[in-house]
2 protein chains.
Amino acid sequence: MSDEPSARRGIPDATVARLPVYLRALGALAERGTATVSSEELASAAGVNSAKLRKDLSHLGSYGTRGVGYDVEYLVYQISRELGLTQDWPVVIVGIGNLGHALAGYAGFATRGFEVVALFDSDPAVVGQQIGPLTVLPLDALEAFTAEQPVAIGVVATPAGPAQAVCDRLVEVGVRSVLNFAPVVLQVPPGVDVRKVDLSTELQILAFHEQRKAVAEAMGLDDADDDGGAAAAAAQAISAVTS
Amino acid sequence: MSDEPSARRGIPDATVARLPVYLRALGALAERGTATVSSEELASAAGVNSAKLRKDLSHLGSYGTRGVGYDVEYLVYQISRELGLTQDWPVVIVGIGNLGHALAGYAGFATRGFEVVALFDSDPAVVGQQIGPLTVLPLDALEAFTAEQPVAIGVVATPAGPAQAVCDRLVEVGVRSVLNFAPVVLQVPPGVDVRKVDLSTELQILAFHEQRKAVAEAMGLDDADDDGGAAAAAAQAISAVTS
DNA sequence: TAGATTGTTAATCGATTAACAATC
DNA sequence: TAGATTGTTAATCGATTAACAATC
């Protein structure tokens with residue numbers, strides 16, 4: 001209940017979001033045979049500031065050695081454990097179009113920690129298709145399937161239209177973690193986590209910065225921020241000139 | 001240079017990241033024929049707090065009407081303009097495997113603001129494939145292509161191995177915005193923006209919370225945070241019992 | 001005018017970072 | 001012991017939120 005030195009209580013969200021990045025960087029180091037890494041090296045591989053990395057890791061415990069650094073393998077294990085990757089989470093994918101198909105075959109799932117246990121689609125032309133070791137099941141088999149076998153994570157890879165209804169059904173059968181690829185904001189009850197992967201959103205964020213850069217350049221490098229509202233208009237003008 | 005009332009200088013990153021979400025919610029409202037929306041309604045559709053929404057929009061300017069709300073169409077235009085979507089950004093996709101193929105055909109690009117102008121792959125078996133209006137070009141044609149036609153955004157959809165080299169080449173030919181789907185942390189020079197879309201990362205973040213929820217439940221609902229390090233171990237134990 | 005809702009203020013909260021004492 | 005590097009402190013910065021005056 002009190003705040004002991006390195007008590008591990010409530011790891012900040014920002015830290016949790018970076019742990020997978022560290023894990024990835026550590027994996028690459030391990031492959032190259034690196035046994036030990038300093039916070040400086042690991043931070044640079046992960047693209048963050050070393051103070052931030054140390055602060056993040058300190059939330060998990062004291063797994064480094066002063067004067068030496070971190071043991072790569074041991075840190076991989078500790079982060080994996082913290083993220084819950086030392087067990088296998090059963091995953092279902094709903095919507096086996098182009099994207100769902102790509103996801104079903106994606107190596108990311110092969111990553112320790114997850115197992116795709118079923119694929120669902122409502123299109124009779126897709127149902128029955130074999131993808132790797134799995135056969136695409138009709139969406140209406142969802143309830144029967146989950147009655148037999150627990151599912152931790154549901155991936156929604158349908159078009160926008162049916163996404164909310166699919167999500168509702170996943171929640172209904174007990175799924176409390178949803179990864180949403182459909183271009184809609186899913187509404188879920190409290191206790192259910194949704195994360196969204198969205199191509200358009202990412203592109204739009206890049207476009208914003210791209211526009212800023214175009215304006216900054218046109219204005220002579222510095223002061224991109226001091227636009228009093230002119231950035232968009234200026235970018236338009238630039239675009240008009242350059243195309 | 002000074003801070004006038006609603007001078008638009010440096011929109012916070014957190015706000016920029018949410019503008020696409022608002023845009024999407026507004027699009028859905030527009031489709032349903034809604035002409036006007038209050039911050040309360042729009043916030044709920046976007047899954048955020050209404051104070052946050054108003055604060056975010058206030059960074060763009062004063063586009064609402066007190067006592068009334070926001071004109072949906074006008075707000076769509078203002079956000080689009082701010083994000084730089086009233087012009088078309090040329091996009092290339094490198095790596096036309098399962099995922100790249102899905103991306104090339106993805107409706108997200110059809111969204112106003114982006115145009116896929118070329119697809120590249122280094123596999124001779126893939127080069128020459130026709131995808132929609134485009135033919136997959138050999139990766140080695142990248143330099144010649146960009147010499148002819150400007151490219152704003154590069155999408156890296158290769159496997160992890162070649163991703164950094166591909167990114168380097170994109171940067172070399174002048175691309176300053178990269179959307180990375182490969183499971184690596186790309187290193188880029190200052191002035192280049194990288195955004196990462198990563199299935200594993202998202203799954204791992206969900207797994208962390210899923211684990212917390214499992215533990216919370218086993219401990220009798222409350223106090224999920226007060227684990228002094230026991231969450232992971234407890235989840236393991238739970239998993240062992242329930243499987 | 002009365003009711004509704006924005007835009008802004010100010011307080012709070014959480015995240016980042018530099019700096020350095022602890023310690024291998 | 002001397003050098004290196006962690007883990008933690010404390011200062012700073014940015015983001016969130018409630019509350020409300022401005023105003024349609």
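Here is how names work: the chains are called A, B, and so on, in the same order as the sequence lines, proteins then strands, and each is numbered from 1.
Note: NE2 (His59(A)) to C1' (dT8(D)) measures 11 Å, nearest angstrom. As a whole-Å value, the separation of Lys52(A) NZ from dG14(D) P is 13 Å. Rounded to whole angstrom, the span from the CD1 atom of Ile11(B) across to the P atom of dG14(D) amounts to 15 Å. Atom pair Glu40(B):CD and dG3(C):P shows a separation of 19 Å (rounding to whole Å applied). With rounding to whole Å, Leu60(B) atom CG is found 15 Å from dT6(C) atom P. The CG atom of Asp13(A) sits 10 Å away from the C1' atom of dG14(C) (whole-angstrom rounding). When rounded to the nearest whole Å, the span between OH of Tyr63(A) and C1' of dG7(D) equals 14 Å. Remark: C1' of dG7(C) and CG of Asp56(B) are 13 Å apart, rounded to the nearest angstrom.
The shortest distance between the side-chain N/O atoms of Arg54(A) and the OP1/OP2 oxygens of dA19(C) is not below 4.0 Å. In terms of phosphate contacts, Ser39(A) brings no side-chain nitrogen or oxygen within less than 4.0 Å of OP1 or OP2 of dT5(D). Contact annotation: Ser62(A) reaches the phosphate of dG7(D) (side-chain N/O to OP1 or OP2, under 4.0 Å). Between Thr65(B) and dT6(C) there is no side-chain N or O to OP1 or OP2 distance below 4.0 Å. Within the structure, a side-chain polar atom (N or O) of Asn49(B) is placed less than 4.0 Å from OP1 or OP2 of dA18(D).
Listed here is the closest heavy atom pair of Leu103(A) and Ala157(A): CD1-CB, 4.2 Å. In terms of heavy atoms, His209(A) sits closest to Asp193(B) at CB-OD2, 3.1 Å.
Salt bridge status for Arg112(B) with Asp88(B): absent, with no side-chain N to carboxylate O gap under 4.0 Å.
Ranking dT9(C), dT6(D), dA18(D) by closeness to the Lys55(B) side chain, first place goes to dT9(C). Distance from the side chain of Ser58(A) is smallest for dT8(D) among the nucleotides dT17(C), dT16(C), dT8(D). Side-chain proximity of Tyr70(B) to the nucleotides dT17(D), dG7(C), dA15(C) is greatest for dG7(C).
Across all strands shown, dG7(D) forms a Watson-Crick or G-U wobble pair with dC20(C), both key distances being under 3.5 Å.
In terms of polar N and O atoms assigned as donor or acceptor, the side chain of Arg66(B) comes within less than 3.5 Å of the base of dT6(C) in a complementary pairing.
Of the listed residues (Asp13(A), Leu19(A), Leu83(A)), just one forms a side chain to side chain contact (heavy atoms under 4.5 Å, CB included) with Phe208(B), and that residue is Leu83(A).
Both Ala51(A) and Val68(A) lie close to DNA chain C; mapped to their nearest nucleotides by heavy-atom distance, the more 5′-ward contact belongs to Ala51(A).
Remark: the Asp71(B) side chain and the Thr36(B) side chain contain no N/O donor-acceptor pair separated by less than 3.5 Å.
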